Amino acid sequence: MEFAELIKTPRVDGVILHRPFMPTVEGTLCLTGHHIILSSRQDNTEELWLLHANIDSIEKRFVGSLGTIIVKCKDLRVIQLDIPGMEECLNIASSVEALSTLDSVSLMYPFFYRPLFEVIEDGWQLFVPEEAFKDLESMTDEWRLSEVNKDFSVCPSYPSLLTVPKDIDDESLIKAASFRHGGRFPVLSYYHKKNGMVMMRAAQPLTGTNGRRCKEDEKLINATLCAGKRGYIIDTRTIAVAQQAKARGGGFEQEANYPQWRRIHKAIERSNILQESLIKLVEACNDQSHNMDRWLSKLEASNWQSHVKEILTTACLAAQCIDREGASVLVHGSEGTDSTLQVTSLAQIILDPACRTIRGFEALIEREWLQAGHPFQQRCAQSAYSNGKPRSEAPVFLLFLDCVWQILRQFPCSFQFSESFLIMLFEHTYASQFGTFLGNSVAERAKLQLSHKTVSLWSWVNRPQELERYLNPLYEANNLVIWPSVAPQSLLLWEGVFLRWNRSTKCLDEAYQEMVHIIEYNKELQNKVNSLRRQLAQLETEDSPLQTP
Amino acid sequence: MEHIITPKVENVKLLNRYTEKKSALGTLYLTATHLIYVEQTSNTRKETWVLHHHILSVEKLLLTASGCPLLIRCKTFQHLHLLFQKERDCQDVYQSLLRLFQPVKEEELYAFLYNPHQNEEERRRGWELISVVNDFNRMGLSNDYWEISHINKNFEMCSTYPSILGLPKSASVATVTGSAKFRSRGRLPVLSYYHKDTKAAICRCSQPLSGLNSRCVEDEQMLQAISQANPNSPFIYVVDTRPKLNAMANRAAGKGYENEDNYSNIRFQFQGIENIHVMRSSLQKLLEVCSMKSPSMSDYLTGLENSGWLRHIKSVMDAGVFLAKAVCEERASVLVHCSDGWDRTAQVCSLACLLLDPYYRTIKGLMVLIEKEWISFGHKFSHRCGHLDSDPKEASPVFTQFLECVWQLSQQFPCVFEFNEHYLIEIHDQVYACQYGNFIGNCQKERLDMRLHEKTFSLWPHLLENQHQYRNPLYRRSLESTVLRPSTLPLHFKFWCGMYNHYDRGMHPKQSVLDTLLTLTQRQVEGERTMTELQRLAVADGVLPDPAGPINTHADQNNQSEKMPAPPVVQSNGSCAPLINGNVKEVGPGAENSNQEDREEPAANEHDLSSKDKPVFVETEHSKEEVQESS
């Protein structure tokens with residue numbers, strides 16, 4: 001298919017762009033296969049380049065022959081384009097609508113994007129399971145790398161290599177997989193070096209109403225317990241929801257069959273509820289009314305902050321079991337691809353200082369989200385402005401980022417990256433020139449040949465000149481476990497994302513610059529003091545032989 | 001002293017709000033001025049000092065199996081939940097505190113005992129540090145339009161006003177006195193702030209005694225005079241900060257608001273800020289939300305909404321923004337009043353000053369602003385803060401709301417205030433502490449009658465001496481000329497956890513950007529000093545060719561070298577002498593003194609050049625405390 005067929009009017013002159021807190025720009029609007037471009041054709045004025053994939057919905061309005069298109073983006077920005085001429089406006093609108101809702105992945109921009117930078121370090125090769133396993137091997141020999149899912153037949157949403165207990169053979173894994181939703185049998189998520197405890201994740205067991213059991217599954221998770229030790233199973237669903245799941249063949253681990261495990265239920269909501277919540281929150285944030293009660297009640301009704309609190313609380317619980325109780329943990333919800341991953345990845349940020357570095361955080365996202373089979377493409381197909389009925393869209397990853405931001409805000413010196421890194425990731429999960437977040441699983445990505453046909457986000461981000469933008473100037477490596485407060489007073493609305501386009505950032509940017517300035521000046525000063533001191537000391541040692549005959 | 005039934009009780013439990021496990025066991029001491037709780041374990045000694053004046057209420061709770069509980073709530077939003085083993089002890093402490101925390105006579109207030117080791121000359125200079133007349137001069141008074149008047153020098157015209165007033169030059173004595181008679185409690189329209197650039201003025205007064213249809217020619221002339229004092233605008237705004245309904249109700253009582261028909265060229269406007277009673281109960285509700293044991297997010301947000309607190313903060317901010325806009329954008333003068341003109345009017349005028357004039361955003365400028373708009377214009381601190389055992393219906397967090405508005409602004413404009421959050425909280429604590437004389441009494445006349453300047457000390461020199469703690473490292477003088485135009489959309493107002501949950505340390509960020517930057521700027525001062533000294537040595541040794549100053553001039557912004565060395569701290573009463581094991585230090589009223597949270601004491605001047613021998617590195621404090629509230 002040619003994009004040209006979809007583009008009814010490729011360019012219109014005299015278009016006016018309105019953006020909040022920015023001067024309006026008048027210029028020429030061009031449509032390409034992947035972008036809306038607005039250029040004033042003058043030097044030094046900002047051009048607008050908007051990916052079609054970033055468009056969540058558009059609205060048209062007409063006043064006489066002047067048409068207006070309101071473009072609502074997945075990154076929550078809302079822009080307005082005034083287009084002279086009714087026909088042009090209609091054409092642009094319908095073209096954009098068609099181009100922004102193309103179904104075929106292989107037509108997405110990442111397949112057409114050619115980097116203007118030299119790829120020094122290929123992001124596709126950066127975080128391979130073998131490397132992670134080498135680290136593990138240096139700490140313990142209790143685990144092995146299994147190739148049982150080599151062709152993705154045991155579990156289509158798992159990667160081909162999985163870390164499992166050494167004593168469990170592939171045969172047992174296959175049986176255990178048949179007992180877990182989507183074949184997601186328990187695998188290693190995190191090894192806590194400090195005390196050798198582990199966190200595993202899985203999908204719900206398929207106990208059904210008859211209380212089915214599976215010896216291999218029991219054996220598999222028991223293999224992770226030290227003799228005489230008990231472990232915790234954290235089910236991210238409430239007991240009621242878990243009970244209901246039985247009717248559909250799902251369920252939870254029966255005490256009788258897992259006597260060495262204590263099960264705890266938490267209340268993280270399912271993904272469709274999260275999507276509704278996002279829509280309500282963004283609607284509240286865009287409300288220009290001056291009624292305080294209305295704002296607070298809308299914020300409350302959106303439930304977004306409740307989700308943040310619940311997810312963080314569950315992650316703290318998992319971390320607490322491991323670090324404080326010295327127990328191993330198995331985390332699952334229903335499918336094991338959403339709330340499970342929120343919990344396991346946040347627990348690692350709390351426990352493991354390595355996850356708070358940029359590389360470590362990228363590795364975490366690779367391990368716990370991309371390779372663990374979070375269906376990014378489905379979840380991020382639409383964002384807060386979508387009009388259609390949500391299918392499987394849900395801001396699961398955005399909530400994870402929000403939780404990371406909450407921890408970052410409470411420990412502003414413990415992260416190597418700054419808030420802008422999290423915001424950048426949020427943007428790229430919804431629309432990107434890079435292939436990283438395309439597809440729903442490793443298997444799908446392999447089929448799409450993303451690593452050959454597209455550029456990895458990490459290839460771009462990890463270049464020194466780019467990385468600099470995301471570094472936290474306050475960072476000082478901190479080897480401690482960091483326990484965030486989950487009191488409602490401690491959890492704020494993430495303004496950097498939700499109020500990003502509703503406020504002027506001039507003053508906040510200035511403050512940030514000033515902070516960077518203070519820190520850099522200090523470093524420079526200390527360096528100069530030290531170097532001068534060295535010079536003087538050197539002089540003294542040169543002088544001293546003369547003084548002491 | 002005669003009120004202390006028992007000065008010391010041992011084996012008292014201090015209950016932790018969250019977990020029974022973290023409760024402390026220690027000894028409780030009662031002194032003439034403080035309640036002191038000392039937790040002594042094998043290697044730590046943690047002291048909690050609570051000034052009696054900071055206590056809001058003492059409540060005996062129901063007897064439990066583990067002992068007799070006593071709940072002490074403080075005006076600083078601290079809570080102490082004590083558990084006594086013996087009923088008798090609990091009762092004695094309760095009885096003593098009841099008498100101690102609500103003194104009957106002014107002379108019993110801490111300020112009359114407290115002496116920060118200053119001689120009479122220092123005391124006098126301390127009181128003269130902040131001068132309202134100087135601020136009038138700074139604004140450019142007297143000039144062609146405005147003059148400084150001594151018409152109220154004996155407080156005869158208006159007993160709750162200061163003796164020095166700014167009045168329009170063209171207003172005759174007859175106009176002024178006539179207008180005063182037509183205003184509630186004689187609080188006539190006078191100058192609050194003169195904006196040099198636009199020649200527009202902010203004036204303040206109380207409600208007119210207009211009733212259903214009275215009028216007063218002199219009052220009308222007075223407003224005319226104010227209008228004429230601004231050549232840039234043909235009209236003035238008259239802002240009644242009350243809700244319209246309240247103002248109308250006042251008409252029946254012979255008071256009310258200006259009838260636009262009687263005054264030439266006024267534009268009348270209501271602002272809808274609620275009265276002191278509504279504010280008091282709103283804070284009450286907010287504090288209930290703050291002290292919920294483990295609220296869900298929904299409980300918290302619903303509670304926050306139902307308290308109405310942020311709605312009220314926004315209404316004050318909206319009114320302040322209205323004033324500032326009128327002055328700087330429309331170049332129009334504004335006359336502001338509420339009922340008596342000492343609560344809402346003070347809030348709104350001071351906020352507008354802060355928005356318009358960068359001077360008031362400095363450490364000293366805020367003192368001037370508080371002195372001018374609050375203390376001298378008769379905000380009834382004694383009543384509003386409940387310093388003495390008095391009518392609880394007079395108490396209201398009006399000044400707290402003003403401080404919160406300043407904090408809300410600092411959230412939107414992180415670089416425009418010279419001071420940081422600690423400064424606002426310290427001022428708040430001091431207002432209630434009555435350790436210094438500034439906030440005792442309800443108006444200037446009362447203060448003169450009490451001879452506060454002879455008997456007590458001023459807070460301001462104390463704050464200036466410690467200003468290094470209160471600095472905002474991000475403050476940029478270069479930005480100071482701008483008028484602030486804050487957004488007042490509801491979503492820009494935040495809950496001030498640092499104030500209302502100040503003592504719930506677990507809720508605060510475990511690492512503080514502010515403290516980190518303060519440490520850095522401190523280190524910078526030391527680094528620059530070392531650098532200068534090293535350069536001197538280097539030049540002497542011939543390593544460097546010629547003398548060069550510190551490496552650049554950035555230091556000037558945060559220059560702290562002018563600060564005075566901290567004075568020795570004083571224990572004003574001997575009653576707690578037996579306590580002192582050589583490690584008691586007084587940090588201020590109600591300060592919590594614990595080994596874990598010793599702040600970096602910024603080095604005073606005597607931190608001398610001998611430090612050049614070793615690098616001066618002050619470790620940034622990392623959280624070693626692990627707080628868990630999730631389960």
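From a predicted model like this one, the values you see are computed outputs, not experimental measurements. A note on names: the letters A, B, ... follow the listed sequences, proteins ahead of strands, and every chain is numbered from 1. Side chains included, hydrogens not; waters and symmetry mates left out as well; all remaining heavy atoms used.
Contact tally against chain B (heavy-atom pairs below 4.5 Å) for A:R294, A:R409, A:Q288, A:Q410: the top residue is A:Q410. Contact count against chain A (heavy-atom pairs under 4.5 Å) is highest for B:N501 among B:D504, B:N501, B:N306. Contact count against chain B (heavy-atom pairs under 4.5 Å) is highest for A:S289 among A:A315, A:S289, A:A537, A:A319. Interface check for chain B: of the options A:R503, A:Q513, A:E310, A:Q489, the most heavy-atom pairs under 4.5 Å are formed by A:Q489.
With a threshold of 4.5 angstrom between heavy atoms, A:L493 does not approach chain B through any atom at all. Residue contact with chain A, scored on non-hydrogen atoms closer than 4.5 Å, involves the backbone of B:S296 exclusively. Residue A:S504 does not touch chain B at all, counting heavy-atom pairs closer than 4.5 Å. Both the backbone and the side chain of A:D293 come within contact range of chain B, each with at least one heavy atom under 4.5 Å from a heavy atom of that chain. With a 4.5 Å cut-off on non-hydrogen atoms, B:T488 touches chain A through its backbone and its side chain both. Residue A:N303: no heavy atom, backbone or side chain, is found under 4.5 Å from chain B.
Looking only at side-chain heavy atoms (C-beta outward), B:L283 and B:Y500 come within less than 4.5 Å of each other. Side-chain atoms of A:Y521 and B:E528, non-hydrogen and from C-beta on, do get closer than 4.5 Å to each other. Side chains of B:E404 and B:M499 form no contact here, defined as non-hydrogen atoms less than 4.5 Å apart.
Among A:Q406, A:E419, A:Q305, the single residue meeting the side-chain hydrogen bond (donor to acceptor under 3.5 Å, both in side chains) criterion with A:W494 is A:E419.
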| field | Full working for side-chain contact (heavy atoms from CB on, under 4.5 Å) between A:L525 and B:R523 | value | CA-CA 10 Å; A:L525 183 67; B:R523 196 200 282 179; over 6 Å; no
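For the residue pair B:T482 and B:R361, the shortest heavy atom distance occurs at O-NH2, 3.0 Å.
Electrostatic pairing of B:R536 and B:E533 counts as a salt bridge here, judged by a charged N lying under 4.0 Å from a carboxylate O.
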